[in-house]
Amino acid sequence: MKIGVFDSGFGGLTVLRALMDRIPEADYLYLGDTARLPYGAKSRATVARYAASSAKFLVSEGAEFLVIACNTASALALDEIRDAIPVPVLGVVETGANAADVNSTTRDVLVMATAATVESHAYAIACAGRNLRAIEKACPLLVPLVEEGWIDHPVTAEVLRIYLAELMEQAREAALTPDTLVLGCTHYPLLREQIERAVPQTLQVIDSAAVTAAQVDRRLAGAHNRAAAAGPTRFFATDSVAKFRTLGSRFLGRPIEAVDLVDLGS
Ligand code: DGL
């Protein structure tokens with residue numbers, strides 16, 4: 001079974017990591033559309049065009065199942081992606097909302113995400129369908145900081161402090177008692193430690209990676225050979241492969257040997 005994993009950049013590696021742990025026998029293809037990132041600051045039509053061309057590329061390379069490891073593309077373009085390719089597609093907004101559903105006792109959750117994801121209200125809608133109230137906060141500076149590798153950086157810490165203070169204030173104004181903070185962008189788990197340090201201990205920080213991997217595992221049950229040996233994971237990027245190798249290895253938690261540069265247009 002060949003599983004394609006797609007994000008605008010490095011963020012989706014957090015999902016790939018969970019998939020490799022959960023389904024080690026699968027073959028993986030990962031595409032980071034780094035030349036056209038950030039998606040989170042773009043319109044629905046542009047995100048849909050970029051995401052559909054990225055999905056088609058992964059299918060042309062042999063992907064038989066696609067994980068859209070990008071909340072922005074999942075929130076804005078899941079239908080367009082499904083229409084563009086002939087293989088099953090799983091997006092991470094639904095799985096993120098599932099994770100919140102399992103975790104929350106107070107049924108009030110906070111969501112940090114890109115501007116485009118927040119404007120779509122995909123999380124608020126998915127949460128409402130699970131009887132959860134959600135406050136969404138756009139955090140547009142975080143993706144560029146992560147892509148720059150500024151994880152333990154004082155600028156990132158200050159940006160996080162400001163975003164989180166504003167989010168907590170929004171929750172207070174809406175009289176919510178949140179117990180769960182959803183990282184609604186796959187780049188944000190790379191800042192998890194910094195975020196956990198900055199929020200009250202009563203707030204549990206969660207992301208969709210493990211839940212997504214578990215859901216893929218269930219969807220593929222019986223469709224792949226558990227005893228198969230996985231081939232090497234193939235990585236593709238639409239911009240600097242050297243940067244992808246260096247930062248990507250750090251974010252994936254294992255070395256990335258080779259990255260192929262692909263041109264998906266503009
Ligand atoms: N990692 C993507 C997400 O989950 C977004 C990054 C971007 O803005 O391109 O939303």
Side-chain angles (χ1 to χ4, degrees), residues 4-19 30-55 58 66-78 80-81 89-100 111-124 126 134 136-151 156 159 163 181-192 195 205-213 236-240 243-244 247-248 251-252 264 266:
V5 182
F6 154 64
D7 181 41
S8 56
F10 298 116
L13 292 172
T14 57
V15 177
L16 177 63
R17 194 174 176 160
L19 282 163
Y30 182 93
L31 169 65
D33 191 7
T34 42
R36 303 189 291 192
L37 165 142
Y39 280 19
K42 300 198 167 70
S43 69
R44 184 182 290 270
T46 301
V47 170
R49 184 159 54 84
Y50 290 175
S53 65
S54 300
L58 284 171
L66 208 63
V67 178
I68 308 302
C70 173
N71 288 270
T72 310
S74 303
L76 275 69
L78 207 54
E80 287 85 347
I81 296 169
V89 177
L90 182 68
V92 287
V93 171
E94 287 299 312
T95 55
N98 286 345
V111 181
M112 298 166 78
T114 66
T117 299
V118 168
E119 276 158 30
S120 76
H121 294 302
Y123 266 99
E136 303 156 290
K137 168 83 184 152
C139 305
L141 296 175
L142 297 184
V143 168
L145 288 168
V146 168
E147 290 283 323
E148 205 47 47
W150 284 23
I151 303 300
T156 309
V159 169
Y163 281 150
L181 172 60
V182 181
L183 304 182
C185 169
T186 51
H187 280 70
Y188 300 172
L190 301 163
L191 301 170
R192 173 190 285 274
I195 294 170
V205 179
I206 60 167
D207 67 70
S208 56
V211 175
T212 302
F236 303 93
T238 54
D239 199 1
S240 171
K243 184 176 174 193
F244 193 97
L247 272 184
F251 294 154
L252 188 63
L264 298 178
S266 56

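We count ligands from 1, going down the list as the structure has it; atoms in each ligand are counted the same way. Worth saying up front: this structure is predicted, and the values here are computed from it rather than measured.
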- Query: Any side-chain heavy atom of Glu119 sitting closer than 4.5 Å to one from Glu136?
  - Reply: no
- Task: Flag the pair Ser240 / Thr34 as yes when at least one side-chain heavy-atom distance between them is below 4.5 Å, and no otherwise.
- Result: no
- Message: How close do Ala124 and Ala134 get, counting heavy atoms only, and between which atoms?
- Response: CA-CB, 4.2 Å
- Task: Enumerate the atoms of ligand 1 whose separation from the nearest heavy atom of Gly40 is less than 4.0 angstrom.
- Result: 7 (C), 8 (O), 9 (O)
- Message: I'd like to check His187 versus Ser8 (side-chain heavy atoms, cut-off strictly below 4.5 Å). Are they in contact?
- Response: yes
- Message: I'd like to check which ligand 1 atoms, numbered from 1 as shown, lie under 4.0 Å from a non-hydrogen atom of Thr72.
- Response: 3 (C), 5 (C), 10 (O)
- Task: Taking only heavy atoms of Thr114 into account, list the atoms of ligand 1 that are under 4.0 Å away from them.
- Result: 5 (C), 8 (O), 10 (O)
- Counting from 1 in the order shown, the ligand 1 atoms closer than 4.0 Å to a non-hydrogen atom of Asp7 are 1 (N), 2 (C)
- Among protein heavy atoms, which lies nearest atom 6 (C) of ligand 1, and at what distance? Ser8 OG, 3.2 Å
- Query: Please state which protein non-hydrogen atom is closest to atom 1 (N) of ligand 1 and give its distance, to 0.1 Å?
  - Reply: His187 ND1, 2.7 Å
- Query: Can you list the atoms of ligand 1 that are under 4.0 Å from a heavy atom of Cys70?
  - Reply: 2 (C), 3 (C), 4 (O), 5 (C), 10 (O)
- Item | Atoms of ligand 1 close to Tyr39 [distance to a heavy atom under 4.0 angstrom, numbered from 1] | 7 (C), 8 (O), 9 (O)
- Message: Heavy-atom contact check, 4.0 Å cutoff: does Gly11 meet ligand 1?
- Response: no
- Query: Minimum heavy-atom separation for Gly91 to Thr95, with atom names?
  - Reply: O-OG1, 3.8 Å
- Query: Is there a side-chain contact between Leu191 and Ile151, using heavy atoms and a 4.5 Å cut-off?
  - Reply: yes
- Is there side-chain contact between Asn71 and Thr186, with at least one heavy-atom pair below 4.5 Å? yes
- Message: I need the nearest protein heavy-atom contact for atom 3 (C) of ligand 1: residue, atom name and distance, please.
- Response: Asn71 N, 3.2 Å
